[in-house]
Amino acid sequence: MLVLEDVNVYYGAIHALKGISFEVNQGEIVTLIGSNGAGKSTSLKTISGLLRPKTGKITFNGENLASIAPQLIVSKGISQVPEGRHVFANMTVIENLELGAYLRKDKAGVKQDMQRVYGLFPRLLERNTQISGTLSGGEQQMLAMGRALMSKPQLLLLDEPSMGLAPILVKQIFSIIKEINEGGTTVLLVEQNAHMALSIANRAYVLETGKIVLSGDSKQLAASEEIRKAYLGG
Amino acid sequence: MGSSITQQIFQQIVNGLSLGSIYALIALGYTMVYGIIKLINFAHGDIMMVGAYAGWYAITVLHLSFLPALLFAMVACALLGVVIERIAYKPLRNASRIAALITAIGVSLFLEYGGMLLVTAQVRTYPPVFPETMYSFHGVIFKYGDIVMLLTSTILMVLLHITVQYTKMGKAMRAVSFDKDAALLMGINTNNIISFTFAIGSALAAAAGVLMGVYFNTIDPLMGIIPGLKAFVAAVLGGIGIIPGAMVGGLMLGLIESIVSGLGASTWRDAVAFLILILVLIVKPSGLFGKNVREKV
């Protein structure tokens, strides 16, 4: 479904992604784990079009994403929940969700998806006319995810959904990610909380300073000595 | 005697609202552009001047009446605003803010002195578009032109409010002004939204220019400087980047000026207006409607 081949990304002079290749298949949950600055967020931003690779190729359903304007990538079926939520804090919950469906023309389908989002996150329905800047961190995370789902993505990119949330909320968010995936949406998940990420993912890639150093089945990785030491705290 | 003082006060309020609504129209353009690309568009007052000339041209040469002339000027300046943004500001989008600011001053000078080259520095008389009819209500005089002016600016501001609050384009504008990257992820073409913002802001400035010409009867290529500066003050007073702030700031500035003039101190009016600005900013640096931005992480 999504294939990255030898992708190199620079921030000015800094070489952030050094020839990364990986793939995500239809229906999977794939996670990228690694420490701060390893290039996890950069990978997601490059897929969603916020950053452009200097060299290398990213294809989605066989289509080369380099030839698509950044703002149109979402219309191809890739939707990103950015790190730090980035909800439009000056607007209501409903307006945020409507913006998630900005490019869609099928009004009935948008309405249906809004109901689906409210079903996944009943809290958003309770607060739907509230200015989203007044929501709690967990609610903002739900809103950011709901907003991303409003574009009806085939592939959902999630960047650090657990960041800054209480453990109970993290559990809840992860079970919703699983539910979204079971509903037919493929998920690419970036997490510092490697333990949680490996527990729901099918496969994982481990990034270190812009390179993929390990990959494989997430259960096997979770059991491997190397990963336990480096990312799971023993 | 008592009633005549009340009359005086109300008269100055009427005058102040008319003038203030012009400031408000200009201030809106400043604040919208600032809200979306964080640029103080110092050429904005000069776009108003071009609008005044476009209206003058439409009335005297094309023999249009007030409303079509107003629309003509608004469309012309909307195009001008978009062209200026694309040519002068867009290439500097990722440059430092000071570079963009200096460019804006350059555009301002270009319009002022390019305008002189084109239409000469000579002052032109605005044709009288409104009858000299006056209405007296309890001794307070409403000129026909004042009423049209207030009405025109009110309608334009209501239209703007509806556009920004309720249309898809308006929501996209607010999204882009809040967070460009997140807006891009929604599929919003930020370049188009920025152009659209310049178009609307410039069209409002053009309307202000036409009203200004009608109000003061004369226009010249440097007429945009002082009202532009004052509208900028109005925008800061209300809280730059905040649309209702610009409306209130503009009206307040107009009211202050005409009340100070009404007290017989017309030479002091600008000084008082700026003094009030300074006081407001000392007490509330983000302006009357400004919020202290806090970010949740």
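All values below were derived from every heavy atom in this structure, side-chain atoms included, with hydrogens, water molecules and symmetry-related copies excluded. Below, read A as the first sequence line, B as the second, and so on, with proteins coming before strands; counting in each chain starts at 1.
Around atom NZ of B:Lys180, more than 12 heavy atoms belonging to other residues, nucleotides or ligands sit under 6.0 Å away. In this structure, A:Lys171 places its NZ atom where only 12 or fewer heavy-atom neighbours from other residues, nucleotides or ligands lie under 6.0 Å away. More than 12 non-hydrogen atoms from other residues, nucleotides or ligands lie less than 6.0 angstrom from CG of B:Leu279.
Contacts with chain B (heavy atom to heavy atom, under 4.5 Å) involve these residues of residues 34-57 of chain A, listed by number: A:Ser48, A:Leu50. Proximity to chain B among residues 89-97 of chain A is limited to A:Ala89, A:Asn90, A:Met91, A:Glu95, judged by heavy-atom separations below 4.5 angstrom. Chain A is approached within less than 4.5 Å, heavy atom to heavy atom, by no residue from residues 82-107 of chain B. Residues of residues 98-120 of chain A lying within less than 4.5 angstrom of chain B, judged on heavy atoms, are A:Glu98, A:Leu99, A:Gly100, A:Tyr102, A:Leu103, A:Arg104 in numerical order.
The minimum heavy-atom distance linking A:Pro70 with B:Leu184 is given by the pair CB-CD2, 4.0 Å. The two residues A:Phe88 and B:Phe178 have their closest heavy-atom pair at CA-CD2, 3.9 Å.
With a 4.5 Å cut-off on side-chain heavy atoms, B:Leu185 and A:Pro82 count as touching. Taking 4.5 Å as the limit, some side-chain heavy atom of B:Met186 sits within range of a side-chain heavy atom of A:Arg147.
The OG1 atom of B:Thr190 lies 6.5 Å from the CD atom of A:Gln71; values are rounded to the nearest 0.5 Å.
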